[in-house]
Structures are given as structure tokens and as C-alpha cells.
Amino acid sequence: MSGLNSRQLDAVQYTAGPLLVLAGAGSGKTRVITQKIAHLIGHAGIPARHIRALTFTNKAAREMRERVSQSVKGLNARGLNISTFHRLGLDILHRHPERAGLRTGFSLFDAQDAQTLIKEHLRGVPAAENLSLPAAQQRISGWKNDFIFPDQALSRAEDAFEARLATLYADYERSLSAYNAVDFDDLILRPAQLFRTQPDLLEAWQGRIRYLLVDEYQDTNGAQYELVRHLAGVRGAFTVVGDDDQSIYAWRGARPENLARLKDDYPTLQVIMLEQNYRSSASILGLANVLIARNPHVFEKRLWSELGAGERPRVLCCKDETHEAERVAAEILNLKFAAKIPLSDIAILYRGNHQAATFEQALSAHKLPYVISGGTSFFARAEIKDVMAYLRLLANPEDDVAFLRIVNTPRREIGSTTLQQLADYARERGTGLLATCIALETALMQPEHFSNRQRERLTTFARLMTDHTTQATTDPVAAMTALIDTIEYRQWLRDNASSKQIADWRFDNVTSLMNWLEQLRRGEYHGQTLANMVAHLMLRDALDRQDDADGGDGVHLMTLHAAKGLEFSHVFLVGMEEDLLPHRVSIDEDSIEEERRLAYVGITRARRSLTFTFTRRRKRYGKWVSSEPSRFLRELPREQLAWDDDRIDTPEQRKARVLAHLGNLREILSNGR
DNA sequence: TCCAGTACTATTTTT
DNA sequence: TAGTACTGGA
């Protein structure tokens with residue numbers, strides 16, 4: 001436990017009751033959590049299998065696992081469980097599906113599936129009601145995150161519009177239950193509800209989890225708060241770590257006030273503040289402190305650093321976004337060749353993804369490699385969604401969303417008219433779409449409105465699925481491989497891709513998916529149902545792992561949101577303009593404080609150098625719009641920044657740029673050989 | 001059933 | 001401007 005400061009040590013050793021660790025940016029919170037786990041096992045006598053650590057992302061969970069495995073060397077860490085909130089929820093539901101009103105083999109719907117479902121219910125609603133699909137979806141998700149059920153939503157509705165939304169919510173829930181499916185929000189909501197209503201279950205889980213650790217606690221939403229509160233119980237055997245200044249997810253239901261709420265729920269709560277920053281130079285940290293001091297605080301803290309003053313952070317003024325990208329690229333060339341900084345130590349951070357494009361162009365033009373996080377993920381790819389839908393339907397024949405996705409993929413000449421008829425008939429019978437297809441083959445009473453042609457096509461598809469169902473339970477990979485073969489999926493990809501290369505690449509993705517499934521079957525999911533494995537894949541852990549693996553060397557480009565939890569030697573915080581950071585919408589909604597925290601997160605990512613940029617004008621939806629520097633820049637003391645107002649580079653800068661550029665060319669040439 | 005032209009929208013995003 | 005979602009004709 002060497003190398004911890006006294007506050008960190010206190011946080012690690014305090015196990016007598018509930019503990020809140022307010023960990024400022026760069027204050028070594030991950031170290032505290034990992035050391036604490038080692039301490040709990042080694043000194044507090046809590047068996048590893050009774051400890052559960054919760055994070056928000058797979059990546060964070062994985063990193064914590066890696067770091068813990070180092071700190072617990074020599075201890076018996078078997079059964080130690082570090083996972084995301086959603087994974088814990090899935091574990092709970094998998095153990096007692098019937099208690100949560102589910103049947104075994106239930107499906108897990110992602111946001112896309114949920115949207116499809118809501119869209120279905122939104123059909124026929126007059127456009128005048130001005131109900132957009134994303135808004136409706138966000139609203140429903142918001143209710144779920146706040147632990148509000150449809151009937152409550154309806155009774156709280158203040159006008160017809162609200163009531164309409166609440167009804168939509170109720171419809172949506174009814175469909176989910178008919179399809180034997182849950183969505184991502186349910187993975188938190190339903191376990192929390194189980195614990196609230198079924199004391200024996202709660203007791204069992206409290207016995208299983210005797211010590212709870214939660215990372216990024218300021219990001220918890222209402223339902224997550226409930227879940228943690230129940231699991232912690234009256235014992236309050238938990239440590240939560242968070243930082244209200246880094247709360248940037250209010251828009252998706254996070255309740256940073258959950259930090260303060262803990263004090264009320266647990267009067268014996270101990271609070272430890274970690275204020276020593278081990279990351280940033282004093283001049284960077286100074287700016288961060290000044291900026292965030294403008295926000296109201298429940299817990300006052302002030303970060304300090306023993307690292308030297310370092311370079312004064314700079315502000316670059318640029319003509320427009322092209323010039324901005326150009327200047328940043330020039331700076332990066334300079335860092336690379338004059339200062340020999342590895343590109344992976346450099347990050348460009350921005351508010352919105354659309355800002356990335358110009359930087360990509362500028363970096364490419366200078367042959368500077370970059371890694372961009374975000375963008376279309378593995379699971380958003382059509383071929384993956386197709387195969388996942390086949391798997392889901394094999395595992396859960398009632399998954400109508402999966403059915404609809406693949407019933408005509410590849411083309412089986414089953415169009416919307418046929419499907420509408422099928423859906424009507426299914427509603428009449430009260431069965432799922434696949435079951436209805438099967439019934440079409442054997443049912444004595446045939447509804448007249450199906451032509452022989454249509455019936456034939458539907459039953460052929462049903463047979464295709466049933467032919468592989470049995471095998472899918474014993475050897476899903478073999479079953480799915482056979483299915484892919486039968487439907488000639490590879491050929492279908494070729495027919496629909498612009499080139500053979502793309503088709504082959506798509507099929508490679510399918511192969512990777514199958515490999516993950518096989519790994520699961522042989523490993524941690526040995527002996528478990530296909531449905532459980534598919535649900536696991538839906539949580540996207542596999543995808544992250546791949547992203548990490550092929551995240552090569554290069555400048556990092558990402559949004560401020562994506563940068564939380566990371567650090568870089570040299571940070572470019574670009575687009576520091578009104579209407580961008582703070583964003584126009586946030587200004588209108590009066591949520592400047594969250595935007596300020598976003599800027600704060602950006603600043604505190606930097607270790608050695610920090611460069612802000614802003615432009616004089618920017619293209620917006622094709623039109624030039626003049627822009628002015630962000631109020632956040634004006635909130636920073638002018639003397640602590642090096643403003644570079646020159647529109648034209650100084651001779652020295654130009655010289656440095658030319659030299660750097662030559663160096664780059666030389667390297668490209670020598671690599672080419 | 002399929003494709004092409006047109007209407008619409010435009011932060012942040014994890015699971 | 002650019003990208004996607006939907007509708008109507010062949």
C-alpha cells in the first residue's frame with residue numbers, strides 16, 4: 001500500500017461504515033478503489049466473492065479488473081466481481097426471471113430495438129401532436145431512470161400531451177412483456193423493483209454482496225440509486241467514489257445530487273476528499289479551479305498539485321474551422337518532431353462529433369495518424385444486427401422485433417402487406433409472429449385472407465427457424481453456422497455490397513461474432529442457455545474489447561464526454577466558442593453549469609500542455625456564421641493564459657512549422673522504403 | 001417489391 | 001451542407 005497519501009490511505013482502510021470518497025480529477029481514485037479491494041480481501045477478511053465493484057462502462061470495468069489483479073497478487077481473489085451496473089442487473093434477472101415476470105430465455109432489446117417498437121406504437125398518431133420518435137423514446141427512458149412506472153406517469157400527467165406520452169409508455173411496456181423482452185433501462189429498474197417488493201430475494205443478494213464499491217457515483221440515476229441503496233441495506237457496507245464537478249450526464253438521467261443524498265440516507269456516512277492532483281501541471285490545474293469555482297458546490301474542494309507550474313496554457317485564435325484544424329495539425333507536427341512526443345500522448349477534444357471531420361482532413365493531409373473514438377459501433381452494423389436477430393429468434397421465439405428484422409433478410413418476398421396480415425392474425429390468436437407462422441402450416445382453420453403463396457413463404461421461414469432450434473440449444477455456433485449457410489448469407493452480402501472486399505469484411509465481422517459466442521459457450525457461460533449468451537453479447541463487452549485491441553498509435557480525437565476518465569500529456573481543447581461550448585441548446589435550456597463542468601473535464605485531462613482554440617467564423621448547416629470566444633475563456637484570468645491573437649503566424653512559428661513538416665516528409669519517405 | 005427522389009433534421013451516448 | 005428516413009411510381 002505504499003505510494004498512497006494519507007487521505008487515500010484513510011479511504012482504503014476505512015471499512016467501519018458507509019464511505020463517500022470525493023475524488024477530484026487526477027487524484028488517484030482508481031488506485032484507491034483497487035487498493036481498497038485488496039485491503040478488503042487481505043485485511044478486512046471479506047472473501048473476494050462477496051465483493052462487488054460497479055462501473056458504468058465495460059471499459060472502466062475491464063481497466064479496474066486489470067489493475068486489481070496487480071494489487072491483489074498473492075491474495076485469494078477468486079470470485080471477485082467487477083462489472084457494469086447493467087451486467088449486475090442482467091445477472092439478477094437471469095437468476096430469477098420468473099420473479100420479475102419474465103420467462104426464461106427473455107430477450108434484451110437495445111436502444112434501436114426499443115425505437116422500432118415505439119415507432120410501431122406511434123403509427124397512426126397524428127403528426128399534429130408533434131411527438132417525435134427520439135423525444136418519445138427519451139421520455140420513456142427518463143421515466144424508467146427515475147423509477148416511474150406507466151400508471152404513475154399517467155397520473156402525474158398535467159396535460160393531454162403528457163398523457164399521450166404516458167399511454168405510449170404503457171403500450172411500449174405491454175409489448176415488451178408480450179415479446180418476453182426487457183430493454184437496457186429495465187436491467188436496472190426491474191432488479192431494483194424486485195428488491196423493493198421481495199424481501200427474501202433482497203436478503204439473498206445482500207448475503208451474496210457483502211461489500212459494494214461504486215465508481216463515478218455522480219453518474220448514477222434514480223433507479224441505480226435505488227439498486228445501490230437496497231443492496232447496501234442498513235449495514236451500509238459500501239464505498240462510493242465520485243466527483244460532482246465531473247457530472248456531465250444529467251441529460252441522460254444522472255442525478256449528481258445522489259452524492260448529497262447519501263448523507264441523509266446514511267447519517268454515519270464518512271466523507272473523504274481527495275484533493276491532491278497527480279496529473280496536471282499547476283498552471284493547468286489553476287485554470288480548472290478558477291473555472292469550476294463559478295459553479296455552486298455542495299462539497300467545497302480545491303485541487304492542488306506538487307508538479308511544477310509548467311507551460312502557460314495557450315489560446316489560439318483562428319479564422320475559421322479549416323484554419324483551426326490547420327493550426328492544430330501544425331502544432332502537433334511540432335510536438336512530434338521538435339519535442340519527440342509520441343502521437344498517442346496527444347488528444348484533440350471537442351464538444352460535438354461533427355467537429356471531428358475538419359481535424360481528420362488536416363491530420364490526413366499531414367500524414368499524421370489518428371484514432372477516433374465514437375462513430376458507428378460494431379453492433380450498429382447491419383450484418384451483426386442480422387445475425388444477432390437470428391440468434392435472438394432462435395433463443396426466444398416470441399421476439400417479434402427480431403422476427404421482423406430478418407423475416408425478409410435475405411429476400412424471401414415477404415413484404416409489408418403480408419406482414420401486416422400476419423400481425424393482424426397474430427393479434428387475433430394472441431401468439432407471437434413466429435408461432436403464428438408455424439400455426440399457419442398446421443392450423444385447421446385457415447384465415448381466408450392469406451393467399452397460398454404468402455402462407456407458403458411464411459411457413460418456409462418458420463420451418464427454417466424450427467429446423468435449427470434444437471441444435472441451437474446444444475451448440476449454438478454450429479446451429480448458426482448451418483443457418484447462415486442455408487440462407488446463403490454470404491452470397492447475400494456480396495449481392496448487396498459495393499465491392500467484394502466490403503462483403504468479405506462484413507462476413508469477417510459475422511465470423512468474429514460467432515467466435516465470441518463460441519468463447520462464451522466454452523468459458524464463463526458453459527452450460528448456460530443461448531438466450532443468456534445472446535443477452536451478454538447485447539451488453540457489448542466484446543465490441544469494446546476489440547476496439548481496445550486495434551486502437552493503434554495516433555493522435556486521439558474524441559468528444560469531451562468520451563474523454564472523461566482519460567489523460568493525455570498534450571490536450572487541444574478546440575471550438576471554445578459560444579453556442580458550441582457552451583452549446584446553443586444548453587444556453588437555451590439554462591444548463592450552463594453542466595457545460596462548464598464539460599470544459600472542466602476537458603482542461604483536467606491535460607498533463608503537461610493545454611491549448612484552447614476558437615474561430616472567428618464557422619460554417620453552420622452550410623452557412624457562414626460568425627462566432628465569438630466562449631464565456632468560459634473569458635472566465636479565466638487573462639494573465640494565466642498565453643493569448644495568440646495574431647491571425648498570421650510569426651516568422652518563428654512559420655519556421656518551426658516548415659521544419660516540422662520537412663521532418664514528417666523525411667519520415668514518410670524513409671518508411672516507404 | 002424495389003428504387004429513386006424528396007422531406008427532414010441537425011449535442012453529448014452508455015448499456 | 002450532409003446524412004438519413006420515408007413515400008410514391010415502375
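Just so it is clear, the model here is predicted, and its values are computed rather than measured. The chains referred to below are lettered A, B, ... by the order of the sequence lines, with proteins before strands, and numbering in each begins at 1.
Residue A/Phe56 is classed as a sugar-phosphate contact, given heavy-atom separations below 4.0 Å to backbone atoms only. Using a 4.0 Å heavy-atom cutoff across all strands shown, A/Ile414 reaches sugar-phosphate atoms only and no base atom. Using a 4.0 Å heavy-atom criterion, one finds that A/Glu594 contacts no nucleic acid atom at all. A/Gln355 comes within 4.0 angstrom of no nucleic acid atom, judged by non-hydrogen atoms across all strands. At a threshold of 4.0 angstrom between heavy atoms, the contacts of A/Lys564 with the nucleic acid are absent.
Counting to the nearest Å, the P atom of B/dT11 and the CG atom of A/Leu598 are 14 Å from each other. The distance between atom CG of A/Leu419 and atom P of B/dT1, rounded to the nearest whole Å, is 8 Å. The distance between atom CG of A/Leu90 and atom P of B/dT15, rounded to the nearest whole Å, is 14 Å. Going from atom CG of A/Asp588 over to atom P of B/dT12 covers 16 Å, rounded to whole Å. Nucleotide B/dT14 holds its P atom 15 Å from the CD atom of A/Gln138, rounded to whole Å. For A/Asp110 and B/dT13, the CG to P distance is 17 Å, given to the nearest whole Å. B/dT13 atom C1' lies 14 Å from atom NZ of A/Lys59, rounded to whole Å. Rounded to whole angstrom, the span from the CD1 atom of A/Ile248 across to the C1' atom of B/dT14 amounts to 12 Å.
When distances are taken from the side chain of A/Ala562 to each of B/dT1, B/dT11, B/dT13, the shortest belongs to B/dT13. Among the nucleotides B/dT13, B/dT15, B/dT1, the one closest to the side chain of A/Phe184 is B/dT15. Taking every side-chain heavy atom of A/Arg252 into account, B/dT14 is the closest of B/dT14, B/dT15, B/dT11. Of the candidates B/dT11, B/dT13, B/dT15, the closest approach to any side-chain atom of A/Tyr249 belongs to B/dT13.
Under a 4.0 Å N-O distance rule, the pair A/Asp386/A/Arg405 qualifies as a salt bridge.
Remark: A/Arg196 pairs with A/Glu226 by the salt bridge (charged side-chain N to carboxylate O under 4.0 Å, His left out) rule, at least two apart or across chains.
Boundaries of the chain A contact region on DNA chain C are C/dT1 to C/dC6, first to last in 5' to 3' order (nucleotide atom under 4.0 Å from a heavy atom).
The side chain of A/Asn58 places no N or O atom within less than 4.0 Å of a non-bridging phosphate oxygen (OP1 or OP2) of B/dT14. Between A/Thr84 and B/dT14 there is no side-chain N or O to OP1 or OP2 distance below 4.0 Å. Between A/Asn353 and B/dT13, a side-chain N or O to OP1/OP2 separation shorter than 4.0 Å is present. The shortest distance between the side-chain N/O atoms of A/Arg411 and the OP1/OP2 oxygens of B/dC2 is below 4.0 Å.
Mapping A/Glu413 and A/Leu560 onto DNA chain B via the closest heavy atom, the residue that lands nearer the 5' end is A/Glu413. Residue-to-nucleotide proximity on DNA chain B shows that, of A/Gly415 and A/Thr559, the 5′-proximal contact is made by A/Gly415.
Contact record, A/Ala531 with A/Phe106: CB-O, 4.3 Å, taken as the closest heavy-atom pair. Residues A/Arg620 and A/Asp579 come closest through the heavy atom pair NH2-O, 3.2 Å. A pairwise comparison of heavy atoms in A/His96 and A/Trp205 identifies NE2-NE1, 3.0 Å as the closest pair.
Residue A/His583 and nucleotide B/dT11 are classified as a stacked aromatic pair, their ring centres being separated by less than 5.5 Å at an interplanar angle below 30°.
Taking the ring axis of A/Tyr249 as reference, the NZ or CZ atom of A/Arg252 stays within 45° of it and closer than 6.0 Å to the ring centre. Remark: A/Arg494 is not positioned above the aromatic ring of A/Trp492, lacking an NZ or CZ atom under 6.0 angstrom from the ring centre and at most 45 degrees off the axis.
Distance noted for atom P between B/dT12 and C/dA5: 16 Å (whole Å).
Atom CG of residue A/Leu54 and atom CZ of residue A/Phe85 lie 5.0 Å apart, to the nearest 0.5 angstrom.
No side-chain heavy atom of A/Leu560 sits under 4.5 Å from any side-chain heavy atom of A/Tyr350.
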